[in-house]
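The basis for the numbers below is simple: all heavy atoms, side chains too, and nothing from hydrogens, waters or symmetry mates. Owing to the predicted nature of the structure, the values given are computational and were not obtained by experimental measurement.
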Amino acid sequence: VGMSSLPFPPDSELLFDQFIQKPISITPFKEAVKCHLVPGKSVILYVEDDEDIAFLVQETFSELAPHYTVVHVNNLADAKEFARAYARKIGLIFTDENIHTAPNSHGGGLGSDLAAYVRSHLPQYAGGLVSYSAKELPADRRSFFDKICNKPIDVHQLGEVVTAYLPKK
């Protein structure tokens, strides 16, 4: 699945099965992801607004946990919608604490707000909730997470998260 705020080049259909133009509506996003979810394979829901960081962390998760599908969203609205729709398939929610979004978007906020939402509204979710942040989180926000990693995050920290919260399949 390809996703971009810029028009896709004409030859990009050779690289992607499906294209989604940003800003996105969650419905085509959910349908695109559903097509690529492997039956019986759990999901890592990764929430990060910085596309460069997202690419690196997503690739690292794919290497460290090849038995999981990594789904990246760049805003909290889509993260909540995906969590609601696929709570039973998600093995880990890994979120940046400060999610900034593009102008006219309604998905900015705090990763801890997502965690609070998951804890209070999705009792069927049984996976880990992990945040990473450049700043110390207040105690009331820390309590929503199973683990908090500090930025800059490295491969060893991601490996610890995978080991702690994702059982081998």
Query raised in the report: Taking atom CG of L56 and atom CG of L158, what is their separation to the nearest 0.5 Å?
Result: 10.5 Å
Query - Heavy-atom side-chain proximity of R141 to L110 below 4.5 angstrom - result: yes
Report task. Determine, stepwise, if the pair V161 / Y132 fulfils side chain to side chain contact (heavy atoms under 4.5 Å, CB included). Result -> CA-CA 11 Å; V161 168; Y132 67 111; over 6 Å; no
Report summary line: Residues at least two apart in sequence or cross-chain that pass side-chain hydrogen bond (donor to acceptor under 3.5 Å, both in side chains) with K151, listed by chain then number, are D96
Requested in this report: Specify the closest pair of heavy atoms between V47 and A79, including all atoms of both residues, with the distance to one decimal.
Outcome: CG2-CB, 3.6 Å
Query raised in the report: What distance separates L92 CG from Y68 OH, expressed to the nearest 0.5 Å?
Result: 8.5 Å
Query raised in the report: Taking only residues two or more places apart in sequence, or in another chain, which ones meet E97 in a side-chain hydrogen bond (donor to acceptor under 3.5 Å, both in side chains)?
Result: S112
**Report entry** Residues that Y125 engages under side-chain hydrogen bond (donor to acceptor under 3.5 Å, both in side chains), provided they are two or more places apart
**Finding:** none
Report task. Using the test side-chain hydrogen bond (donor to acceptor under 3.5 Å, both in side chains), find all partners of D146 that sit at least two apart in sequence or belong to another chain. Result -> R119
Query raised in the report: Is the backbone of F55 close enough, under 3.5 Å, to the side chain of H72 for a donor and an acceptor to pair up by distance?
Result: no
Query raised in the report: Any idea which heavy atoms bring T95 and G111 closest together, and the distance?
Result: OG1-CA, 3.7 Å
Requested in this report: With rounding to the nearest 0.5 Å, note down the distance linking CG in L129 to CG in L114.
Outcome: 7.0 Å
Query raised in the report: Between atom NZ of K80 and atom CG of N75, what is the distance when rounded to the nearest 0.5 Å?
Result: 10.5 Å
Query raised in the report: S42 and G91: which non-hydrogen atoms are nearest, and at how many Å?
Result: CB-N, 4.4 Å
**Report entry** Between CZ on residue R88 and CD1 on residue I90, distance to nearest 0.5 Å
**Finding:** 11.5 Å
Requested in this report: Measure the shortest side-chain to side-chain distance between L45 and Y86 over non-hydrogen atoms and say whether it is less than 4.5 angstrom.
Outcome: no
Requested in this report: Sorted by first residue and then second, give each salt bridge (Lys or Arg N to Asp or Glu O under 4.0 Å) pair with at least one member in residues 153-162; sequence neighbours left out.
Outcome: none
Requested in this report: Can you measure from CD1 (I99) to CG (D49) and round to the nearest 0.5 angstrom?
Outcome: 4.5 Å
Query raised in the report: Is it the case that more than 12 heavy atoms not belonging to E59 sit under 6.0 Å from its CD atom?
Result: yes
Query raised in the report: Which atoms form the tightest heavy-atom contact between I153 and C149, and what is the distance?
Result: CD1-CB, 3.7 Å
Query raised in the report: Would you call V57 and F94 a side-chain contact if the rule is heavy atoms closer than 4.5 Å?
Result: yes
Query raised in the report: Does R142 have any side-chain contact (heavy atoms from CB on, under 4.5 Å) partners at least two apart in sequence or in another chain, and if so, which?
Result: E136, L137, I148
Report task. For L166 and A65, work out which heavy atoms get closest and say how close. Result -> CD1-CB, 4.1 Å
Report task. State, with a plain yes or no, whether a side-chain heavy atom of Y165 is found less than 4.5 Å away from one of K147. Result -> yes
